[in-house]
Amino acid sequence: MSIDHQTHSVAGDASSLLLTVPFWFGLILYIWAAVRFSHLHKVWPIYRSVLWTAGIACALIAVAGPLAEKAHTDFTAHMAGHLLLGMLAPLLMVVAAPITLLLRTIPVRQARLLTRLLKSRPTRFLTDPVTASILNVGGLWILYTTSLYTLMHESQLFHFLIHVHVFLAGYLFTASIMYIDPVSHRRSFLYRTIVLVFTLAGHGILSKYLYVHPPAGVPAVQAEAGSMLMYYGGDAIDLVLIVVFCFQWYKAARPRTALA
């Protein structure tokens with residue numbers, strides 16, 4: 001028996017509306033920064049602005065609108081939202097280099113404060129690939145193997161907090177593997193590769209586990225479809241991450257030709 005529509009109404013519109021606010025703010029802030037950068041320096045790369053906008057769009061689709069509505073009663077739709085919010089949106093937004101853009105557009109005093117924050121011990125801890133991986137995949141295991149999945153559909157607070165966690169954990173993990181923006185500590189490519197392999201394995205094993213042991217209230221048919229979407233959809237997004245990561249490794253390892 002699936003989670004009923006009355007339960008959805010409890011966790012519904014207010015939480016979804018609130019979730020859209022930071023993404024709309026992020027879109028406006030990024031566009032403002034890109035325009036300001038273009039006035040102060042050269043034109044900010046258009047493809048980065050497009051990627052940021054696409055990432056914001058993926059996040060908004062996941063938290064509000066028809067897919068988000070259906071996700072309350074359909075596990076497959078919920079899993080589609082997870083892929084958009086926790087994997088695809090973070091990937092697109094990380095490649096858009098928002099921190100680099102912000103540092104180059106805000107006043108020097110604020111830029112120094114932001115740099116100090118990025119170098120702080122808590123930030124260094126959270127952005128370590130191991131920590132980010134545990135927050136990302138570990139959080140999903142807790143969500144789907146405990147009563148938290150049911151609570152998410154019964155409480156506006158849990159609905160909001162879980163969606164925030166899914167996005168932030170996905171963003172932190174992606175940023176900790178692909179160094180697009182400046183980082184305060186650089187882990188080796190080998191270190192990040194090992195973490196990435198274990199993270200992908202943890203995500204894949206969870207999807208197979210959910211195929212057989214779905215969360216309470218999720219029908220078997222939805223569990224099977226949602227788990228397959230999680231497995232194959234996650235692999236497709238991870239493939240893009242792997243390609244970008246390997247390209248970065250190739251560039252870093254490529255011998256530099258001597259100047260004539």
Side-chain angles (χ1 to χ4, degrees), residues 1-24 54-93 136-137 139-171 173-174 202-240:
M1 182 177 182
S2 61
I3 300 172
D4 60 31
H5 191 72
Q6 183 177 4
T7 301
H8 142 64
S9 65
V10 175
D13 297 336
S15 176
S16 295
L17 181 62
L18 188 59
L19 284 167
T20 65
V21 173
F23 293 111
W24 284 116
I56 293 290
C58 289
L60 289 173
I61 291 170
V63 300
L67 180 64
E69 291 285 326
K70 191 175 181 181
H72 290 283
T73 56
D74 188 307
F75 186 69
T76 307
H78 164 83
M79 197 54 69
H82 155 65
L83 293 176
L84 289 172
L85 183 65
M87 297 185 72
L88 185 55
L91 176 61
L92 295 170
M93 294 169 73
N136 189 18
V137 176
L140 293 178
W141 274 91
I142 293 173
L143 172 62
Y144 294 122
T145 60
T146 67
S147 60
L148 202 56
Y149 178 77
T150 302
L151 288 174
M152 179 178 69
H153 296 283
E154 295 176 344
S155 165
Q156 290 187 11
L157 178 61
F158 277 102
H159 181 264
F160 176 81
L161 292 177
I162 289 171
H163 279 75
V164 170
H165 173 84
V166 166
F167 172 76
L168 291 180
Y171 189 95
F173 174 73
T174 305
H203 193 268
I205 293 170
L206 176 59
S207 64
K208 293 178 180 180
Y209 177 86
L210 292 176
Y211 189 92
V212 182
H213 305 285
V218 175
V221 174
Q222 290 185 17
E224 292 171 2
S227 299
M228 290 178 66
L229 178 61
M230 180 183 184
Y231 185 84
Y232 292 108
D235 278 355
I237 298 171
D238 286 332
L239 180 60
V240 178

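Atoms NE2 and NE2, from His153 and His78 in turn, are 6.0 Å apart once rounded to the nearest 0.5 Å. Rounded to the nearest 0.5 Å, atoms CG (Leu91) and CZ (Phe173) are 11.0 Å apart. Atom CG of residue Leu239 and atom CG of residue Asp235 lie 8.5 Å apart, to the nearest 0.5 angstrom.
For Leu60, the side chain to side chain contact (heavy atoms under 4.5 Å, CB included) partners at least two apart in sequence or on another chain are Thr20, Phe23, Trp24, Ile56. Residues that satisfy the side chain to side chain contact (heavy atoms under 4.5 Å, CB included) test with Pro214, not counting sequence neighbours, are Val218, Ala223. Under the side chain to side chain contact (heavy atoms under 4.5 Å, CB included) criterion, Leu67 pairs with Ile61, Ala77, Ala80, Leu84, not counting sequence neighbours. Taking Val221 as the reference, nothing meets the side chain to side chain contact (heavy atoms under 4.5 Å, CB included) condition, with sequence neighbours excluded.
Nearest heavy atom pair, residue Cys58 against residue Leu92, reads SG-CD1, 4.1 Å. For the pair Ser16 and Ala64, the tightest heavy-atom approach, listed with the atom from each and the gap, is O-CB, 4.3 Å. Here the shortest heavy-atom pairing between Phe160 and Leu19 reads CD1-CD2, 3.4 Å. When all heavy atoms of Leu85 and Ala62 are compared, the pair lying nearest together is CB-CB, 3.7 Å. Between Pro215 and Leu210, the closest heavy-atom pair is CD-CD2, 4.0 Å.
Looking at Ile142 and Leu148, their side chains come closer than 4.5 Å, going by heavy atoms from C-beta outward. Met79 has its side chain within reach of Tyr144: a pair of non-hydrogen atoms, C-beta onward, lies under 4.5 Å apart.
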Take Leu229 and Leu83 through the side chain to side chain contact (heavy atoms under 4.5 Å, CB included) test and state the conclusion after the steps. CA-CA 9 Å; Leu229 178 61; Leu83 293 176; 3.8 Å; yes
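Applying the side-chain hydrogen bond (donor to acceptor under 3.5 Å, both in side chains) definition to pairs two or more places apart or across chains, those involving residues 203-213 are His82-His203.
The environment of OH in Tyr231 is sparse: at most 12 heavy-atom neighbours from other residues, nucleotides or ligands sit within 6.0 Å.
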Could you pull out all donor-acceptor pairs under 3.5 Å where a side-chain atom in residues 161-168 meets a protein atom, sequence neighbours excluded?
from   : atom 1 : to     : atom 2 : distance (Å)
His163 : ND1    : His159 : O      : 2.8
His165 : NE2    : Leu135 : O      : 2.9

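Checking side-chain atoms of Thr145 against main-chain N and O of Trp141 turns up a donor-acceptor pair under 3.5 Å.
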